[in-house]
Amino acid sequence: GENVEQHPSTLSVQEGDSAVIKCTYSDSASNYFPWYKQELGKRPQLIIDIRSNVGEKKDQRIAVTLNKTAKHFSLHITETQPEDSAVYFCAAIPANQGGKLIFGQGTELSVKP
Amino acid sequence: ETGVTQSPTHLIKTRGQQVTLRCSSQSGHNTVSWYQQALGQGPQFIFQYYREEENGRGNFPPRFSGLQFPNYSSELNVNALELDDSALYLCASSLGQGASTLNTGELFFGEGSRLTVL
């Protein structure tokens, strides 16, 4: 079955710096890759997603890139702010298993003022 | 438009007991998925319900069961609770496109029910 690996597990950056989180997946037929942000004690919230027919997507300070050949996708946050501090999860949906998100292990991002 | 709501928010049970968790899906959504999130881990897929039928199941034993009602709300039942069942249980709703077709719609999560098993 699908397996999603996420790195790093923790990431500390200075305010204003960029942060990059990387994920790899195993099922080449997976075609939907969302990223979720989860603050302490809160629900996961979708921040950006990308489908397999697109290589890159950007939304203000957040961007996601997808390399289908290498089976990896990355989250890029530019001009980080203290409120970006949270746990970020990548996920993938295996082929023909709609709604079954396979999550990575999470990255705890800390943005220091 | 109302979001996904879950109840109860917190509960404590003892080993061997049974628990029922409830979820109301976002208005207009017909698909509900349940996830278990242990402390410091990513959510793990338990199962999904579409139009009142189970539509996909993760690697969880049969003592994890569920229901979906005509109004698309859902319940998660766990029998014979074990200590390792202690976790945050998340419900997510989405707009499905059919039980056998790929649903790549965005999932909206509830705030979760935090279960502690003593």
Side-chain angles (χ1 to χ4, degrees), chain A residues 1-10 21 23-25 27 29-54 57 59 64 66 73 75 86-108, chain B residues 3-6 9-10 23 25-26 29-51 53-60 66 68 74 88-114:
Chain A
E2 174 67 283
N3 183 51
V4 176
E5 298 285 335
Q6 183 173 348
H7 300 280
S9 56
T10 60
I21 303 171
C23 289
T24 60
Y25 61 98
D27 185 349
S30 293
N31 66 359
Y32 177 65
F33 307 92
W35 285 87
Y36 285 85
K37 175 183 180 182
Q38 188 175 29
E39 297 176 355
L40 192 62
K42 300 287 188 180
R43 74 183 80 190
Q45 291 198 296
L46 180 74
I47 55 171
I48 195 166
D49 57 11
I50 191 167
R51 300 185 189 275
S52 59
N53 59 347
V54 176
K57 184 176 178 180
D59 182 4
V64 57
L66 171 64
F73 55 114
L75 177 72
V87 179
Y88 290 80
F89 292 98
C90 62
I93 288 188
N96 297 324
Q97 295 186 51
K100 179 182 177 180
L101 281 174
I102 305 300
F103 283 85
Q105 298 87 340
T107 296
E108 184 174 1
Chain B
V4 179
T5 58
Q6 292 186 242
T9 55
H10 296 81
C23 172
S25 60
Q26 181 158 316
H29 285 181
N30 58 9
T31 303
V32 172
S33 306
W34 286 91
Y35 290 80
Q36 180 195 66
Q37 187 176 23
L39 200 61
Q41 303 289 320
Q44 301 240 335
F45 176 77
I46 302 175
F47 43 54
Q48 179 186 56
Y49 279 84
Y50 171 76
R51 291 185 177 176
E53 303 245 342
E54 187 179 290
N55 174 35
R57 188 180 182 93
N59 188 26
F60 281 82
Q68 186 179 33
S74 177
L88 179 68
Y89 288 85
L90 294 162
C91 168
S93 75
S94 59
L95 185 59
Q97 297 171 7
S100 61
T101 58
L102 186 61
N103 168 12
T104 56
E106 178 181 347
L107 268 64
F108 292 83
F109 283 89
E111 294 286 1
S113 294
R114 184 163 297 282

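Order of the sequence lines sets the chain letters (A, B, ...), proteins ahead of strands, with each chain counted from 1. Just so we're clear, the structure is a prediction, and the values are computed from it rather than from any experiment.
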Point to revise | Side chain / backbone / both / neither for B:Q41 at chain A, heavy atoms under 4.5 Å | key: backbone
Check your understanding: What pair of heavy atoms forms the shortest contact from B:V4 to A:R43, and how long is it?
Key -> O-NH1, 4.0 Å
Check your understanding: Minimum heavy-atom separation for B:Q37 to A:Q38, with atom names?
Key -> NE2-OE1, 2.8 Å
Point to revise | Residue, of B:G112, B:G110, B:G58, that accumulates the most heavy atom pairs under 4.5 Å with chain A | key: B:G110
Check your understanding: Rounded to the nearest 0.5 Å, how far does OH of A:Y36 lie from CZ of B:F109?
Key -> 5.0 Å
Point to revise | Residue selection (most heavy-atom pairs with chain A, distance under 4.5 Å) from B:P43, B:G42, B:G40 | key: B:P43
Practice item. For atom CD of A:Q105, decide whether the heavy atoms of other residues, nucleotides or ligands shown that lie under 6.0 angstrom number more than 12. Key: yes
Exercise for review: Hey, could you give me the CD1/CG distance between A:I93 and B:L107, rounded to the nearest 0.5 Å?
Suggested key: 6.5 Å
**Study point:** Gap between atom CZ of B:F108 and atom CD of A:Q45 - 0.5 Å precision
**Key:** 10.0 Å
Check your understanding: Which bit of A:P34 is near chain B, if near means a heavy-atom gap under 4.5 Å: side chain, backbone, both or neither?
Key -> neither
Check your understanding: Checking B:L88 against chain A: side chain, backbone, both or neither under 4.5 Å from a heavy atom?
Key -> side chain
